[in-house]
Chemist: 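Take a look at the following structure, please.
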Amino acid sequence: MLALYIGGARDYALTLTLNPGYLAAQGYAEPQIGYFADYPFGLGVLWTLNIAGGLASAAASLLRSRRAVPLALTTALAQLVLLILTFAFRDRWDILGPSMSLFDIGVGVLSLAFWWYCRVMLNRTVLR
């Protein structure tokens with residue numbers, strides 16, 4: 001999870017700063033660039049919570065901290081709400097395409113699974 005969210009943090013920073021080299025490497029054209037250039041503040045907050053929570057929850061789990069559980073839950077909920085809102089109101093599938101959309105759905109599933117894993121580790125007293 002730490003590696004996933006380190007990659008996510010890189011994507012987050014380069015996408016929100018509209019880094020031309022990165023966007024070109026991703027194959028983004030005008031519709032995709034416009035999608036992120038006009039990203040609403042509330043969705044940006046959810047994206048930030050997802051990335052920061054993912055990094056923090058993974059680090060907390062490596063440190064065997066019980067704080068990994070609420071951090072992982074925050075991460076998963078932020079990702080799920082972000083997906084729901086962007087699919088429902090931002091035409092995510094049409095603009096970003098199936099590959100990116102399915103990848104992000106996979107991240108949501110992994111985030112939920114990680115939260116469950118952290119709960120199990122807390123119940124087994126691995127996390128303290």
Side-chain angles (χ1 to χ4, degrees):
M1 289 305 287
L2 186 59
L4 176 69
Y5 276 99
I6 288 172
R10 178 179 180 271
D11 174 72
Y12 169 85
L14 294 174
T15 301
L16 286 183
T17 59
L18 301 174
N19 181 287
Y22 181 73
L23 296 176
Q26 295 299 312
Y28 288 170
E30 189 59 38
Q32 293 83 21
I33 295 169
Y35 179 89
F36 290 110
D38 188 31
Y39 211 65
F41 178 78
L43 296 179
V45 169
L46 288 171
W47 194 5
T48 302
L49 280 172
N50 174 254
I51 296 298
L55 291 168
S57 64
S61 73
L62 288 172
L63 296 171
R64 296 187 175 191
S65 171
R66 69 178 54 241
R67 291 187 177 101
V69 177
L71 288 167
L73 178 60
T74 300
T75 299
L77 291 176
Q79 177 71 357
L80 292 176
V81 172
L82 183 63
L83 288 172
I84 290 167
L85 292 175
T86 56
F87 278 113
F89 300 108
R90 299 270 301 165
D91 296 324
R92 180 186 192 99
W93 187 273
D94 292 332
I95 295 172
L96 297 181
S99 179
M100 176 69 76
S101 297
L102 291 171
F103 178 82
D104 289 342
I105 290 169
V107 170
V109 170
L110 285 174
S111 296
L112 278 172
F114 185 65
W115 167 67
W116 175 81
Y117 170 79
C118 288
R119 284 182 34 133
V120 169
M121 292 299 105
L122 180 64
N123 290 338
R124 292 182 182 172
T125 66
V126 173
L127 300 179
R128 298 176 233 128

Chemist: Would you check if Ser57 and Trp115 make a side-chain contact, meaning some heavy-atom pair closer than 4.5 Å?
Modeler: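 No - every pair of side-chain heavy atoms lies 4.5 Å or more apart.
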Chemist: Could you pull out the closest heavy-atom pair between Leu83 and Ile105, with the gap in Å?
Modeler: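 Taking every non-hydrogen atom into account, CD1-CA, 4.0 Å.
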Chemist: Could you walk me through whether Phe114 and Ser61 pass the side chain to side chain contact (heavy atoms under 4.5 Å, CB included) check?
Modeler: CA-CA 10 Å; Phe114 185 65; Ser61 73; 3.5 Å; yes
Chemist: List the atom of Ile95, the atom of Arg90, and the distance in Å for their closest heavy-atom pair.
Modeler: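 Reported closest heavy-atom pair: CD1-O, 3.5 Å.
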Chemist: Using only atom types and a distance under 3.5 Å, with no angle test, would you say the side chain of Gln79 pairs donor to acceptor with the backbone of Ala76?
Modeler: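 It does not hold such a pair.
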Chemist: Rounded to the nearest 0.5 Å, what's the gap from OG on Ser99 to CG on Asp104? Could you check?
Modeler: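 Nearest 0.5 Å value for the OG-CG distance: 9.5 Å.
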Chemist: Does the side chain of Leu112 come within less than 4.5 Å of Trp116's, by heavy atoms?
Modeler: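 No, too far: nothing below the 4.5 Å cut-off.
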Chemist: Should Met100 and Val107 be regarded as members of a common hydrophobic cluster, given that ILVMFWY residues are connected when their side-chain heavy atoms come within less than 4.5 Å of each other, either directly or indirectly?
Modeler: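 Cluster IDs for Met100 and Val107 match.
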Chemist: Can you tell me how far CE of Met121 sits from CZ of Arg64, rounded to the nearest 0.5 angstrom?
Modeler: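 It is 10.0 Å, given to the nearest 0.5 Å.
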Chemist: State yes or no: do Leu43 and Phe87 share one hydrophobic cluster built from I, L, V, M, F, W and Y residues joined by side-chain heavy-atom distances below 4.5 Å, directly or via other members?
Modeler: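 Hydrophobic grouping puts Leu43 apart from Phe87.
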Chemist: To the nearest 0.5 Å, what is the distance between CD1 (Ile51) and CG (Leu16)?
Modeler: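 Reported to 0.5 Å precision, the distance equals 9.5 Å.
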Chemist: Is the count of non-hydrogen atoms from other residues, nucleotides or ligands lying under 6.0 Å from Tyr117 atom OH greater than 12?
Modeler: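 No, OH of Tyr117 has 12 or fewer neighbouring heavy atoms, counting only those of other groups under 6.0 Å.
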Chemist: Going only through I, L, V, M, F, W and Y residues with side-chain contacts under 4.5 Å, is there a path from Val45 to Phe89?
Modeler: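 Different clusters.
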Chemist: Going through the distances and angles, do Arg10 and Ile6 end up as a side chain to side chain contact (heavy atoms under 4.5 Å, CB included)?
Modeler: CA-CA 6 Å; Arg10 178 179 180 271; Ile6 288 172; 6.0 Å; no
Chemist: Quick one: CZ on Arg66 to OG1 on Thr125, what's the gap to the nearest 0.5 Å?
Modeler: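 One finds 9.5 Å between CZ of Arg66 and OG1 of Thr125.
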Chemist: Using the side-chain contact (heavy atoms from CB on, under 4.5 Å) definition, which of the options Thr86, Asp94, Thr15, Asp91 pairs with Tyr35?
Modeler: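 Single pass found, and it is Thr86.
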Chemist: Could you tell me which non-hydrogen atom of Pro98 sits nearest to which non-hydrogen atom of Trp93, and how far apart they are?
Modeler: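 The pair with the smallest heavy-atom distance is CB-CZ2, 3.3 Å.
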Chemist: Mind checking what makes ring pair (Phe, Tyr, Trp, His ring centres under 6.0 Å) contact with Trp47, not counting sequence neighbours?
Modeler: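 In terms of ring pair (Phe, Tyr, Trp, His ring centres under 6.0 Å), with neighbours along the sequence ignored, Trp47 is linked to Tyr12, Phe36, Tyr39.
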Chemist: Looking only at heavy atoms, what is the nearest atom pair of Leu4 and Leu110, with distance?
Modeler: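 So the minimum-distance heavy-atom pair works out to CD2-CD1, 4.2 Å.
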Chemist: Measure across Leu55 and Ala9 and return the closest heavy-atom pair with its distance rounded to 0.1 Å.
Modeler: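 What the structure gives for the nearest pair is CD1-CB, 4.0 Å.
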Chemist: Do the side chains of Val109 and Tyr5 join up, straight or via other hydrophobic residues, at under 4.5 Å, putting them in one cluster?
Modeler: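 As far as the 4.5 Å side-chain criterion goes, Tyr5 and Val109 are not connected within one cluster.
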Chemist: Below 4.5 Å, heavy atoms only, C-beta onward: do Met1 and Thr75 meet side chain to side chain?
Modeler: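 No, too far: nothing below the 4.5 Å cut-off.
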Chemist: Taking all non-hydrogen atoms of both residues, which atom of Ala68 and which atom of Cys118 are closest, and how far apart?
Modeler: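 The answer is CB-SG, 3.9 Å.
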Chemist: Is there a path of hydrophobic side-chain contacts, each under 4.5 Å between heavy atoms, that joins Leu73 and Ile84?
Modeler: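 Different clusters.
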Chemist: Can you measure from CG (Leu82) to CZ (Arg92) and round to the nearest 0.5 angstrom?
Modeler: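 Going from the CG atom of Leu82 to the CZ atom of Arg92 covers 6.0 Å.
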Chemist: To the nearest 0.5 Å, how far apart are CG in Leu102 and CG in Leu96?
Modeler: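 Between atom CG of Leu102 and atom CG of Leu96 there are 11.5 Å.
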